[in-house]
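Just so we're on the same page: letters track the sequence lines, and every chain starts at 1. Every value quoted in this text rests on a predicted model; they were computed, and no experiment measured them.
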Protein chains: 2
Amino acid sequence: MQRYIRMLREGKFKITPRREAILAYFMKEGKYATPEQVWKKLRISLGRLGLPTVYRNMEEMHQLGILVKVEGAENRFYYGLCRAEDPQVHHHHIICQGCRKVQEVEGCLVGSLSKQIEAKTGFKLTGHTIYLQGLCQSCITVDGGGL
Amino acid sequence: MQRYIRMLREGKFKITPRREAILAYFMKEGKYATPEQVWKKLRISLGRLGLPTVYRNMEEMHQLGILVKVEGAENRFYYGLCRAEDPQVHHHHIICQGCRKVQEVEGCLVGSLSKQIEAKTGFKLTGHTIYLQGLCQSCITVDGGGL
DNA sequence: GCATAAATGGAAATGCTTTCCATTTATGCT
DNA sequence: AGCATAAATGGAAAGCATTTCCATTTATGC
């Protein structure tokens, strides 16, 4: 938790109860979620909580590298906590199709291949985004997906 | 063009002037575009053209593998023509940040790494999506991006 | 040609996300 | 501790990409 608080501070953001609650939510759940899902849950304990506040804060946390943002089903966006030691160090995430758990994949998948890609296509690579889907160990043993 | 027409037929879709116009648009432009962009252009030559028609057809073509669908800026979706010999054969696309040109990258970038990823994470891979961004040769020589 | 299911256009609805703005609050300074 | 101030927040309303509805038109097989 403290490291995420620190990241907020470094981004010149204030530490508010709402932000702490959002962080706590993701620390506890460990899976990806939409702003609305977070809002529905936190609204109960926080009393008053605006949906725009959740959207704003989650997007800010995404900008800071605290949350990963992925395009889920039905053109909606999901966010998940990035637990990488240093989020600045380029890496990827894999998402469990069973329980929506988010996990880091150290190292860059494209880095080692970039030369080949550039040779093949004639392009100069400037960036990439990878969405890995899979099943985490506990979901493999259960039934193989669904949620 | 004929191969895309064939793909539409195989998908039990009728060959309409609108569909042909959309295909022609992408054949000519070769870059990715939103339904609205396509609509604005084709509306002129087609006289009457409904925006929902463009959305519907582009999404259908995406389902058939004719168009690639990528999430662009500002939560909008862009489509680009897939020119791979056989779109069913798994491959990736790279998009030029300069001119939005879409190009195929043969082979799968994750295939050769999947064992490593699975070993590292404990996940069983079920799928992946890769968005490669780069600059095509002509854009490299011009200025380095922008559009 | 003709029948028919598919395609289309325009208007309206949907629904995620953002903006506006008045009020509240975290933070730095004294 | 109290204060000033810029940032954060909530609620309502707006924005806007995308989809749905439905009456009309059209491609296609016979």
Side-chain angles (χ1 to χ4, degrees), chain A residues 1-2 4-25 32-64 66-67 69-79, chain B residues 1-2 4-25 32-64 66-67 69-79:
Chain A
M1 177 68 122
Q2 285 316 307
Y4 298 116
I5 301 277
R6 202 178 316 125
M7 289 169 80
L8 280 172
R9 282 226 174 79
E10 283 163 9
K12 308 291 183 197
F13 289 102
K14 294 181 175 175
I15 310 308
T16 69
R18 270 102 249 261
R19 289 191 174 128
E20 289 176 313
I22 291 170
L23 286 174
Y25 173 95
Y32 77 172
T34 62
E36 194 183 1
Q37 289 174 325
V38 175
W39 174 68
K40 280 190 174 156
K41 187 73 175 290
L42 295 183
R43 197 157 54 136
I44 302 165
S45 47
L46 287 176
R48 245 150 57 106
L49 177 62
L51 186 51
T53 299
V54 181
Y55 269 94
R56 270 186 305 239
N57 283 325
M58 284 171 66
E59 186 59 30
E60 284 161 7
M61 291 179 187
H62 166 54
Q63 300 297 340
L64 291 175
I66 295 172
L67 298 179
K69 183 180 187 180
V70 303
E71 176 212 330
E74 316 109 38
N75 304 350
R76 309 179 64 178
F77 291 95
Y78 287 73
Y79 296 79
Chain B
M1 175 70 119
Q2 285 314 309
Y4 299 117
I5 302 277
R6 202 178 316 125
M7 290 169 78
L8 281 172
R9 284 227 173 78
E10 283 163 7
K12 309 291 184 197
F13 290 102
K14 295 182 175 173
I15 310 307
T16 68
R18 270 101 249 262
R19 289 192 175 129
E20 289 176 312
I22 291 170
L23 286 175
Y25 173 94
Y32 77 172
T34 62
E36 194 184 0
Q37 290 172 326
V38 175
W39 175 69
K40 281 191 173 156
K41 189 72 173 293
L42 296 184
R43 200 158 51 138
I44 302 165
S45 47
L46 286 176
R48 252 156 48 112
L49 177 62
L51 186 51
T53 298
V54 182
Y55 268 96
R56 269 186 306 237
N57 284 324
M58 284 172 67
E59 185 59 31
E60 284 161 6
M61 291 179 187
H62 165 56
Q63 299 298 337
L64 291 175
I66 295 173
L67 298 179
K69 184 181 186 180
V70 306
E71 175 213 331
E74 316 111 36
N75 302 352
R76 310 180 64 176
F77 291 95
Y78 287 73
Y79 296 80

Query raised in the report: Closer to the 5' end of DNA chain D via nearest nucleotide, is it B:Arg48 or B:Tyr79?
Result: B:Tyr79
Query raised in the report: If only side-chain N and O atoms of A:Tyr55 are considered, is one of them under 4.0 Å from the OP1 or OP2 phosphate oxygen of C:dT17?
Result: yes
Report summary line: Of B:Asn75 and B:Pro52, the one whose nearest nucleotide on DNA chain C sits closer to the 5' end is B:Pro52
Report task. On DNA chain D, reading 5' to 3', which nucleotide is the first and which the last to sit with an atom under 4.0 Å from a heavy atom of chain B, could you check? Result -> D:dA17 to D:dT28
Query raised in the report: Out of A:Lys41, A:Arg76, A:Arg43, which one pairs with A:Glu36 under the salt bridge (Lys or Arg N to Asp or Glu O under 4.0 Å) rule?
Result: A:Arg76
Query raised in the report: Less than 4.5 Å apart, any side-chain heavy atom of A:His62 and any of A:Glu59?
Result: yes
Could you give the distance from [atom1] ([X]) to [atom2] ([Y]), rounded to the nearest 0.5 Å?
| X | Y | atom1 | atom2 | result |
| --- | --- | --- | --- | --- |
| A:Met61 | A:Lys69 | CE | NZ | 14.5 Å |
| B:Ile66 | B:Arg6 | CD1 | CZ | 11.0 Å |
| A:Thr53 | A:Met58 | OG1 | CE | 12.5 Å |

Requested in this report: May I ask you to decide if A:Lys14's main-chain N or O and A:Arg19's side chain share a donor-acceptor pair within less than 3.5 Å?
Outcome: yes
Expressed in angstrom and rounded to an integer, what is the separation of [X] atom [atom1] from [N] atom [atom2]?
| X | N | atom1 | atom2 | value |
| --- | --- | --- | --- | --- |
| A:Phe77 | C:dC16 | CZ | C1' | 10 Å |
| A:Leu51 | C:dT19 | CG | P | 14 Å |
| A:Leu8 | C:dT27 | CG | P | 10 Å |

Report task. Quick one: look up who C:dA3 pairs with, Watson-Crick or G-U, both distances under 3.5 Å, and put none if it's unpaired. Result -> D:dT28
Report summary line: In Watson-Crick or G-U wobble terms, with both distances under 3.5 Å, the base opposite C:dC20 is D:dG11
Query raised in the report: Is A:Arg56 touching bases, backbone alone, or none of the nucleic acid, heavy atoms closer than 4.0 Å?
Result: base
